[in-house]
Amino acid sequence: MNLCSLRNEFESDVAMTAMTFAVNDYDLAATLSSGQAFRWRWVGDGWLGVIGTHWVRLRENGASITAETVEPVPDWAWLAKYLQADLDLADVTRTFPDDEPMRAAVAASRGLRLLRQDPWECLASFILSSTKQIVQIQQIIALLCERYGEPLAAGPGDALVHAFPTADRLAQTTEAELRACKMGFRAKYLLATARRIADGKFHLTRLQALPVEAARGALTDLPGVGRKVADCVLLFAYGFPSAFPLDVWVLKALRQLYFPRRRVSTARLNKFAAGHFGPNAGYAQQYLFHYMRTKHPHANTQN
DNA sequence: GCCCAGGTGAAGC
DNA sequence: GCTTCACATGGG
């Protein structure tokens, strides 16, 4: 871990603790707003969010990221892991195929990273993501956290924040209560999956040690979890580098950039992705996703 | 009104 | 193995 400085601040009467991580090639804005995590807000001159039970403010300063929390933090390893601050991005991007679409996607968002998130929060979030725009996913999750998450102390200038609700807590809700959080038909899936985990019938912590295919198979047994949601969790929470979420944007990217005049099924494209993009296919996928959303935001209205 | 959104599951062939 | 459809809700 790159520990450059540690200081304590006193703003108002809240004790703040800060840590600065040295980073190379880290685009914090692209990373936090690229549809992997849904709770980060740009306020003033920094990003406000919640990681686990910590309120966190992140600010980018050239070759470093400064993090502030409310409570004193004896060990910052959890944050370094979340941010993947120690990863050498060049080691990843050099494994990408040397073709025109990848060159363009990497050039368009240099410094885009994959986070390493909590499996339950990631799983629940992507169950809620199906056929929803990212802005709406953020709204649903904000409501869910406000109503069922544990209240947390926030830093100065921020409103009361909440932890992401535990599976145990959501298992005690009703489908009607979840539907009231605007999640529609996804409520049934989220409730059923929360119950499977709260009952101890499904162990998220055991997936990390499995081969990726076995972990994917376990996840897709959960209600509301198909190939795409499973791959999001495998990639964004467990860090399986070959997991390749194939959503409508990446589907469009592959069809337009690699198969412009052929009709290719998603099953074929999953196989193509596994063979074409190398050992870090999931990372390549995130670059393609972000590239399509930022450079061709209206691609879905053409053709 | 229309179509679309970081899809899934069930039913039909 | 496919293809089609329902499923809630909100943005453009």
Side-chain angles (χ1 to χ4, degrees), chain A residues 30-40 105 109 112-115 117 119 121-144 173-194 196 216-238 240 243-257 262-271 273 277 281-303:
Chain A
T31 300
L32 298 181
S33 67
S34 63
Q36 356 174 13
F38 300 101
R39 298 195 66 198
W40 291 100
S109 33
L112 172 63
R113 303 281 183 134
L114 290 179
L115 301 168
Q117 302 177 59
E121 176 170 346
C122 188
L123 171 62
S125 297
F126 279 98
I127 285 174
L128 297 176
S129 76
S130 71
T131 50
K132 275 294 179 194
Q133 296 184 132
I134 289 176
V135 178
Q136 297 173 298
I137 301 166
Q138 291 167 338
Q139 292 167 352
I140 294 167
I141 290 173
L143 264 178
L144 188 70
T173 64
T174 64
E175 185 182 330
E177 288 175 317
L178 293 181
R179 279 182 181 256
C181 297
K182 318 273 191 188
M183 64 182 73
F185 60 84
R186 303 158 196 80
K188 186 179 310 157
Y189 297 144
L190 181 60
L191 182 56
T193 289
R196 287 272 293 276
R216 180 184 291 121
L219 284 168
T220 52
D221 279 343
L222 292 168
V225 182
R227 170 73 188 249
K228 189 269 171 183
V229 170
D231 277 353
C232 286
V233 178
L234 293 172
L235 185 64
F236 302 144
Y238 294 100
F240 285 101
F244 193 95
L246 196 45
D247 79 312
V248 287
W249 287 99
V250 179
L251 209 54
K252 200 162 291 283
L254 295 187
R255 285 180 173 151
Q256 285 182 2
L257 301 174
R262 263 205 284 160
R263 215 203 71 69
V264 191
S265 70
T266 61
R268 293 301 297 177
L269 288 173
N270 268 311
K271 288 182 184 173
F277 292 103
Y283 238 105
Q285 171 276 154
Q286 195 65 10
Y287 276 87
L288 291 171
F289 176 77
H290 197 244
Y291 178 60
M292 290 300 281
R293 287 216 323 134
T294 55
K295 301 300 170 187
H296 305 285
H298 304 298
N300 54 357
T301 63
Q302 299 165 2
N303 294 346

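A quick note: this is a predicted structure, and the numbers were derived from the prediction, not measured. Protein chains get the first letters and strands the later ones, always in sequence-line order, with residue 1 at the start of each. All values below come from the heavy atoms of this structure, side chains included, with hydrogens, waters and symmetry mates left out.
- Partners of A:Tyr238 under the side-chain contact (heavy atoms from CB on, under 4.5 Å) rule, at least two apart in sequence or in another chain, are A:Pro119, A:Leu204, A:Leu207, A:Gln208, A:Val233, A:Phe240.
- Every residue meeting the side-chain contact (heavy atoms from CB on, under 4.5 Å) condition with A:Thr266, not counting sequence neighbours, appears here in chain and number order: A:Leu246, A:Leu251, A:Arg255.
- The side chain of A:Arg263 contributes an N or O atom lying less than 4.0 Å from OP1 or OP2 of C:dT3.
- In this structure A:Ser34 satisfies the side chain to side chain donor-acceptor pair (under 3.5 Å) test together with A:Gln36, A:Gln286, sequence neighbours excluded.
- Among residues two or more places apart in sequence or in another chain, the salt bridge (Lys or Arg N to Asp or Glu O under 4.0 Å) test is passed with A:Asp231 by A:Arg216, A:Arg227.
- Take A:Ser130 and apply the side-chain contact (heavy atoms from CB on, under 4.5 Å) test, not counting sequence neighbours, and it matches A:Phe185, A:Arg186.
- Legend: salt bridge (Lys or Arg N to Asp or Glu O under 4.0 Å) pairs involving residues 281-296 of chain A, not counting sequence neighbours: none detected.
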Letter by letter from the 5' end, nucleotides 8-13 of chain B scores (B base, S sugar-phosphate only, - none; protein heavy atoms under 4.0 Å) SS----

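- Contacts of residues 30-39 of chain A with DNA chain C (heavy atom under 4.0 Å): none.
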Between protein and nucleotides 10-12 of chain C, what N or O pairs are separated by less than 3.5 Å?
{"residue": "C:dG10", "atom": "O4'", "partner": "A:Gln136", "partner atom": "NE2", "Å": "2.7"}
{"residue": "C:dG11", "atom": "O4'", "partner": "A:Gln133", "partner atom": "NE2", "Å": "3.4"}

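- Here the side chain of A:Thr193 pairs no donor or acceptor atom with the backbone of A:Leu190 at under 3.5 angstrom.
- An aromatic stack links A:Phe289 and the base of B:dG6, using centre distance under 5.5 Å and interplanar angle under 30°.
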Distance-only check: which donor-acceptor pairs under 3.5 Å involve side-chain atoms of residues 176-183 of chain A, not counting sequence neighbours?
{"residue": "A:Glu177", "atom": "OE1", "partner": "A:Thr174", "partner atom": "N", "Å": "2.9"}
{"residue": "A:Glu177", "atom": "OE1", "partner": "A:Thr174", "partner atom": "OG1", "Å": "3.4"}
{"residue": "A:Arg179", "atom": "NE", "partner": "A:Glu175", "partner atom": "OE2", "Å": "2.9"}
{"residue": "A:Arg179", "atom": "NH2", "partner": "A:Glu175", "partner atom": "OE2", "Å": "3.2"}

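- Residues satisfying the side-chain contact (heavy atoms from CB on, under 4.5 Å) test with A:Ser129, not counting sequence neighbours, are A:Phe126, A:Ile137, A:Lys228.
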